[in-house]
Asker: 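Structure below; questions to follow.
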Amino acid sequence: MRMSKYTIGVDFGTQSGRAVLVEVGTGRELATAVKAYTHGVMDEYLPDGVTRLEPDWALQHPRDYLEVLEETIPQLLRESGVRPEDVIGLGVDFTSCTMLPIRADGTPLCFEPRFERHPHAYVKLWKHHAAQDEANKLNEIARERGEAFLARYGGKISSEWMIPKIWQILDEAPEVYDAADAMVEATDWIVMQLTGKLVRSSCPAGYKSIWHKRTGYPSPAFFKALHPRLEHVVEEKLWGPILPIGSRAGELTDAMARRIGLMPGTPVAVGNVDAHVSMPAVGITEPGKMLMIIGTSTCHVLLGTEERAVPGMCGVVEDGIIPGYMGYEAGQSAVGDHFEWWIENGVPPAYWDEARRAGIGIHELLTQKAAKLAPGESGLLALDWWNGNRSTLVDADLTGLLIGATLATKPEEIYRALIEATAFGTRMIVETFRAAGVPVNEMYACGGIAQKNALMMQIYADVLNMPIHIGASTQAPALGAAMFGAVAAGKAGGGYDTIEEAAREMGSVREKPYVPNPSAVQVYDQLYREYARLYDYFGRGENDVMKVLKRIKSAAVKEEVKTC
Ligand SMILES: Nc1ncnc2c1ncn2[C@@H]1O[C@H](COP(=O)(O)OP(=O)(O)O)[C@@H](O)[C@H]1O
Ligand SMILES: O=C(CO)[C@H](O)[C@H](O)COP(=O)(O)O
């Protein structure tokens, strides 16, 4: 009889780190632990409370990530009663591109007194959008030079990705650029903290750093065309071996083992990205099944057999999700954030009181009220661009729109319109994939909101006119990371040799999917046609009103920051 062995996965999300301890062979979750980041998302001030950040900035503090490891892993062991020697592997996943400048030994520049008040020395979170100018210039130069890589990224590199962020550091803080021995994805940094070695993961390298398994990074001539000082950026700042996902990055160091309570030498998987790592956690290892990881934002991941150019996708990377397949990614930059904005800025005190009296959260109250509305009843329609448009327009300068409001409009109607807008955005992405010849035959969802909001999942089923299958785990990314931890251990170490084997035994979906309701489908078809008209009008046509407004705002706020 096989003695039970366990694996741990840690999911570093936008607002918190979540860890799960899972039984190998069954996927049974024995314990989970959550640690909110001490500094949260810094988008107005640095931790000193004085250094003001400009618009579109979003930073994090790397010390928060270490706290997640130090608090959650001992908690998992305590709660489950599992002995450290029975934990055969450890895997992590992160939001991406979440990057930071470091010294060669892994020390983040923001840990040094010289840089602790320097915004550019901190972690730039995936939703840091202040490198849009650099992204625009990069795209223009790449188009002029006929760079082949653009097609693999839907025709545009996003300001969320690595190269625009590095270039922004060089442009605005050459002293930080010079002091940094390397620029790293946070997922690779945390693995470096665990193992003592810098190993880069092929997943974020492929999706976010323009790296290709067969051709490597773009040429020095391309980087030189961006900026003479970037010519050798790959050798100077992006060095380190790139290992495929599913490999072992190394083993837990003695020092880190002491800090987190595991055994020294425990195998650690190459770092992964939160969206991509979730696919095996819901048991998907074949093409045609699109998975939405729904949280602060939504990522859409899908396997295919051929490399197709899909307009506005985030990227297609060979072996990027499951070895042996083309992994496609698309996304929406504001989903949970969209609703949170409304809750924090629009919902009146009477609703908060009502939620308190009922002993439920404000999301639940608004969802209950919104569920009483019929599709189309509010007369509202929104464009889900409150944090720019990631797919299919790849433009962080686009902004939100709500149309149809009257003096009778209620908070729950706006809440529902925002949910519907995110569903329409997903339908636009699905239709774009199909039009480009990449089949989407089934829809899956996981992540916090997929678990918590049944109304939202029903709306998605109705808008897409497809059943939505929900991942069984409440912590799909962390479960996926744990599965990669078991693969890093290998069969010989009590785990698996491939992620497919792990997915078969440990990944699963809930029994019942959400199924489309034909009358709702009909109404949403009409609303979607109007959504698509607005999408084209504000996002693709000559109309640049959103950009003009943003430019005026940006100039005004920069002036204010200067005079502060
Ligand atoms: N019941 C709910 N319905 C819709 N959105 C919710 C609900 N509860 C929380 N949210 C939103 O979910 C987001 C957090 O998602 P979650 O998956 O927990 O985290 P992360 O993005 O860090 O992975 C927040 O933006 C919050 O506004
Ligand atoms: O782009 C990503 C993955 O490729 C980000 O990690 C993601 O959008 C952020 O995730 P979340 O909203 O779940 O925190």
Side-chain angles (χ1 to χ4, degrees), residues 11-18 32 34-37 40-41 58 60 68 93-99 125-129 153 158-162 185-187 201 203-209 271-279 291-301 313-315 317 320-321 327-345 347 355 360-368 370-371 386-388 390-391 394 412 415-416 418-419 422-423 445-457 459-460 471 473-478:
D11 166 38
F12 292 88
T14 300
Q15 304 181 350
S16 61
R18 281 85 57 146
T32 58
V34 180
K35 164 85 179 81
Y37 298 136
V41 176
Q60 287 194 323
V68 167
D93 69 83
F94 238 102
T95 63
S96 174
C97 171
T98 294
M99 56 79 72
L125 183 61
W126 63 273
K127 65 176 176 171
H128 173 91
H129 283 155
Y153 297 94
S158 157
S159 62
E160 289 182 7
W161 301 167
M162 180 68 99
E185 282 276 352
T187 198
S201 164
C203 175
Y207 286 99
K208 319 291 173 166
S209 290
N272 219 314
V273 176
D274 52 4
H276 310 70
V277 79
S278 303
M279 223 177 202
L291 173 65
M292 303 175 280
I293 300 87
I294 308 180
T296 306
S297 63
T298 290
C299 287
H300 306 77
V301 287
M313 68 176 162
C314 300
V317 174
I321 303 174
Y328 290 90
E329 181 191 354
Q332 290 166 274
S333 299
V335 177
D337 253 1
H338 208 198
F339 317 140
E340 193 160 295
W341 165 80
W342 177 235
I343 279 168
E344 286 179 354
N345 295 282
V347 177
I360 56 176
I362 190 76
H363 279 290
E364 286 69 29
L365 181 84
L366 287 166
T367 303
Q368 282 175 12
W386 261 249
N387 194 15
R390 195 191 280 177
S391 299
V394 201
E412 60 271 27
Y415 189 77
R416 184 169 176 133
L418 298 181
I419 292 179
T422 65
C446 67
I449 300 181
Q451 294 281 341
K452 285 186 273 206
N453 197 320
L455 170 70
M456 178 158 160
M457 291 302 95
I459 290 174
Y460 273 53
S473 172
T474 53
Q475 300 289 353

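As the structure lists them, so they are numbered: ligands from 1, and atoms in each ligand from 1. Remember, predicted model here, so these are calculated numbers, not experimental data.
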Asker: Tell me: protein heavy atom nearest atom 2 (C) of ligand 2, and distance?
Answerer: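 Of the protein heavy atoms, S96 O, 2.9 Å lies nearest.
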Asker: In the protein, which heavy atom is nearest to atom 10 (N) of ligand 1, and how far is it?
Answerer: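 I find the closest protein heavy atom is H363 NE2, 3.4 Å.
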Asker: Are Y328 and H300, when compared by the centres of their aromatic rings, separated by less than 6.0 Å?
Answerer: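 Y328 vs H300: aromatic centres not under 6.0 Å.
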Asker: Of all the atoms in ligand 1, which lie at a distance below 4.0 Å from a heavy atom belonging to D337?
Answerer: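 Counting atoms of ligand 1 from 1, those under 4.0 Å from D337 are 25 (O).
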Asker: Under 4.0 Å from ligand 1, counting heavy atoms only, is it the side chain of E364, its backbone, both or neither?
Answerer: side chain
Asker: Enumerate the atoms of ligand 1 whose separation from the nearest heavy atom of G295 is less than 4.0 angstrom.
Answerer: 15 (O), 17 (O), 21 (O)
Asker: Can a non-hydrogen atom of M456 be found less than 4.0 Å from any atom of ligand 1?
Answerer: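 Per 4.0 Å heavy-atom rule, M456 does not contact ligand 1.
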Asker: Which residue from S278, S297, G295, G331 reaches closest to atom 8 (O) of ligand 2 through any of its heavy atoms?
Answerer: S297
Asker: In the protein, what heavy atom is nearest to atom 26 (C) of ligand 1, and what distance, to one decimal place, separates them?
Answerer: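 Of every protein heavy atom, E340 OE1, 3.4 Å lies nearest to atom 26 (C) of ligand 1.
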Asker: For atom 13 (O) of ligand 2, what's the nearest protein heavy atom and its distance?
Answerer: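 In this structure, atom 13 (O) of ligand 2 has D274 OD2, 3.7 Å as its nearest protein heavy atom.
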Asker: To check your reading of the model: name the closest protein heavy atom to atom 14 (O) of ligand 2, its residue, and the distance in Å.
Answerer: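 Checking every protein heavy atom, the shortest distance to atom 14 (O) of ligand 2 gives T14 OG1, 2.4 Å.
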Asker: Residue-level breakdown please: for E160 versus ligand 2, do any non-hydrogen atoms fall below 4.0 Å on the side chain, on the backbone, on both, or on neither?
Answerer: neither
Asker: Under 4.0 Å, counting heavy atoms only: does Q15 come that close to any atom of ligand 2?
Answerer: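 Heavy atoms of Q15 never come under 4.0 Å of ligand 2.
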Asker: Does K127 reach ligand 2, in the sense of a heavy atom lying below 4.0 Å from it?
Answerer: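 Not so, K127 does not reach ligand 2.
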Asker: Tell me whether ligand 1 is touched by Y415 - counting only heavy atoms on the residue side and a distance under 4.0 Å.
Answerer: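 Under 4.0 Å: yes for Y415.
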Asker: Nearest 0.5 angstrom please: Q332 CD to D337 CG, how far?
Answerer: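 With rounding to 0.5 Å, CD (Q332) is 12.5 Å from CG (D337).
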Asker: S16 to ligand 1: N or O pair under 3.5 Å?
Answerer: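 Checking ligand 1 against S16, no N or O pair falls under 3.5 Å apart.
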Asker: Where is the nearest protein heavy atom to atom 21 (O) of ligand 1: which residue, which atom, and how far?
Answerer: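 Sorting protein heavy atoms by distance from atom 21 (O) of ligand 1 puts T296 OG1, 2.4 Å first.
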